Amino acid sequence: MLRGAGVQEDDRMTRFISELAAGIDPYVPGEQPKDRKYVKLNTNENPYPPSVNVTEAIKGAVDDLRLYPDPEVLALRKAIAEYYGNRMPELGGEGIGPEHVFVGNGSDEVLALIMPAFFSGRTIGYADVTYSFYPVIAGLFGVQVRHIPLRDDFSISPEDYAGSNVEGLAGLVICNPNAPTGMALSLADIEQILSANRDRLVVVDEAYVDFGTETAVGLINKYDNVLVVQTMSKSRQLAGMRIGFAIGNPELIEAVNRVKNSFNSYPADRLAIAAGIAAMEDTEYFDETCGKIADTRDRYSKELEGLGFHILPSKSNFLFAEPPALGIKDGTDAAYVFKKLREKGVLVRYFAKPRIDNRLRITIGTDEEMDVLLASIKEIIAEAER
Ligand code: PMP
């Protein structure tokens with residue numbers, strides 16, 4: 001390795017790094033372990049495989065891989081617009097076309113592009129307990145953040161998103177249902193926040209909306225200050241494909257496009273486009289699997305409560321659960337249960353952070369996986385009581 005003259009040993013690696021890169025605190029995604037097979041309930045993936053139509057669509061797209069994909073991702077934007085167009089009467093909206101839709105390489109990318117498109121050099125507000133990727137992209141793109149604390153019961157109160165709490169803010173990010181709590185705001189609450197903030201852009205991150213909350217997509221014609229962000233990683237079984245999208249009025253979409261075209265012209269590859277269209281079109285499989293996950297969630301939530309867990313009311317594909325007191329001396333009960341579960345081959349997520357360091361975030365798996373989780377937890381409780 002080349003070394004600059006006079007550079008200290010400690011600085012050897014860091015002397016090339018920009019102040020910006022050195023100053024950020026990167027997001028740490030949940031583990032994707034390779035050491036053994038786990039019951040994997042730690043990253044909110046869908047336990048069911050993608051629609052069989054997705055497999056066929058991907059096969060059909062392989063021959064054209066020598067060609068660049070459509071930089072506009074038009075066919076997939078049309079499929080998304082069509083899906084929501086069909087639902088608009090039920091959602092109370094008017095019309096939606098591809099001009100209302102932006103597609104990115106996972107919704108993390110969409111959220112990241114939104115920062116420079118609207119908020120660089122400005123201040124945004126979001127909950128103190130929410131998706132931990134937001135501070136990272138805010139930091140990267142020079143966005144200041146003001147926290148709007150959740151209530152003591154971890155709920156979001158729309159009144160907290162008005163008046164002096166939002167003075168000076170250029171925008172708000174609302175995760176609905178919120179992560180990692182799983183708790184949802186009603187559509188009326190979301191509308192209350194939108195109407196109280198007509199001159200602020202409100203980004204509604206609906207990564208988990210399909211598991212039991214009403215989407216705000218129906219409000220895009222009525223409110224020009226809402227941008228709804230969704231993903232195909234959770235309810236459409238395509239975490240490995242990386243497809244996210246934003247829905248809002250065309251001027252907002254155009255602003256995100258300007259940033260995207262200054263960064264990566266081709267956010268979705270040919271396989272992703274084919275897979276995404278097939279997934280949007282197979283509404284039957286989508287409804288069936290979302291329903292199954294919601295049923296499993298509600299059943300196992302009760303089972304865990306029976307074991308002494310306190311669980312927040314979840315509308316998502318995960319539970320945020322406080323374990324029963326086990327009399328653990330070192331650290332929290334949740335940290336202990338997390339570690340013991342891992343030893344038994346069950347992965348869940350634990351955040352050693354203020355307000356939430358005695359809770360586990362448990363992704364809803366298949367019934368079989370949830371049975372393994374339950375049995376492992378029963379063992380851990382019995383072992384702790386000895
Ligand atoms: N929003 C929330 C609230 C999430 O939990 C996640 C998944 N970590 C995402 C967005 C991003 O998902 P993806 O990039 O896979 O679309």
Side-chain angles (χ1 to χ4, degrees), residues 26-32 40-47 50 54 73 76 80 101-115 124 126-138 140 150 154 156 172-185 190 202-213 215-216 227-247 256 260 263-264 267-269 271-273 275-276 279-280 293 297 312 314-320 347-351 353 356 359-364:
Y27 177 68
V28 183
E31 275 184 274
Q32 299 291 349
K40 205 173 162 302
L41 306 174
N42 68 329
T43 47
N44 297 342
E45 287 139 332
N46 198 302
V54 166
V73 205
L76 177 51
I80 294 166
V101 184
F102 174 85
V103 167
N105 190 258
S107 62
D108 275 348
E109 185 184 83
V110 177
L111 291 164
L113 296 173
I114 284 172
M115 293 294 141
I124 60 172
Y126 53 72
D128 60 336
V129 177
T130 190
Y131 184 30
S132 49
F133 187 59
Y134 305 150
V136 179
I137 49 180
L140 183 61
L150 297 181
F154 292 99
I156 287 177
L172 299 165
V173 183
I174 313 258
C175 189
N176 193 41
N178 197 14
T181 65
M183 290 168 72
L185 284 171
I190 293 284
V202 182
V203 177
V204 187
D205 179 353
E206 295 189 346
Y208 302 101
V209 78
D210 298 318
F211 300 107
T213 319
T215 175
L227 201 47
V228 179
V229 177
Q230 294 193 2
T231 176
M232 299 212 192
S233 298
K234 318 291 179 184
S235 55
R236 288 189 169 81
Q237 295 99 355
L238 290 177
M241 207 78 237
R242 313 305 303 126
I243 307 168
F245 54 94
I247 299 182
V256 187
K260 166 251 177 191
F263 179 69
N264 175 11
D269 64 55
L271 304 186
I273 292 170
M280 286 316 293
I293 290 168
R297 173 192 67 211
L312 299 181
S314 173
K315 295 284 185 193
S316 64
N317 70 335
F318 55 85
L319 300 173
F320 205 42
L347 272 189
V348 298
R349 192 96 197 253
Y350 173 69
F351 301 95
K353 290 189 178 168
I356 57 171
R359 290 186 171 266
L360 301 171
R361 194 195 66 188
I362 303 168
T363 303
I364 304 302

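Just follow the structure's listing: the first ligand is 1, and inside any ligand the first atom is 1. Predicted model only: the values in this text are computed from it and were never measured.
Atom NZ of Lys315 has 12 or fewer heavy atoms from other residues, nucleotides or ligands within 6.0 Å. For CZ of Phe263, the number of neighbouring non-hydrogen atoms (other residues, nucleotides, ligands) closer than 6.0 Å is 12 at most.
At least one donor-acceptor pair closer than 3.5 Å links the side chain of Arg359 to the backbone N or O of Phe320.
Of the candidates Ile156, Val228, Asn176, Asn176 is the only one forming a side chain to side chain contact (heavy atoms under 4.5 Å, CB included) with Ile190.
Residues Phe318 and Tyr208 place their aromatic rings such that the two centres sit under 6.0 Å apart.
Counted by atom type alone, Tyr126 and Asn178 present zero donor-acceptor pairs between their side chains at under 3.5 Å.
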Which protein N or O atoms sit under 3.5 Å from any N or O of ligand 1? Give atom names and distances.
| from | atom 1 | to | atom 2 | distance (Å) |
| --- | --- | --- | --- | --- |
| ligand 1 | 1 (N) | Asp205 | OD1 | 3.3 |
| ligand 1 | 1 (N) | Asp205 | OD2 | 2.7 |
| ligand 1 | 5 (O) | Tyr208 | OH | 2.6 |
| ligand 1 | 8 (N) | Tyr131 | OH | 3.0 |
| ligand 1 | 12 (O) | Ser107 | OG | 3.3 |
| ligand 1 | 14 (O) | Ser107 | N | 3.2 |
| ligand 1 | 14 (O) | Asp108 | N | 3.0 |
| ligand 1 | 14 (O) | Arg242 | NH2 | 2.7 |
| ligand 1 | 15 (O) | Ser233 | OG | 2.6 |
| ligand 1 | 15 (O) | Arg242 | NH1 | 2.8 |
| ligand 1 | 15 (O) | Arg242 | NH2 | 3.4 |
| ligand 1 | 16 (O) | Ser107 | N | 2.7 |
| ligand 1 | 16 (O) | Ser107 | OG | 2.8 |
| ligand 1 | 16 (O) | Thr231 | OG1 | 2.6 |
| ligand 1 | 16 (O) | Ser233 | OG | 3.4 |

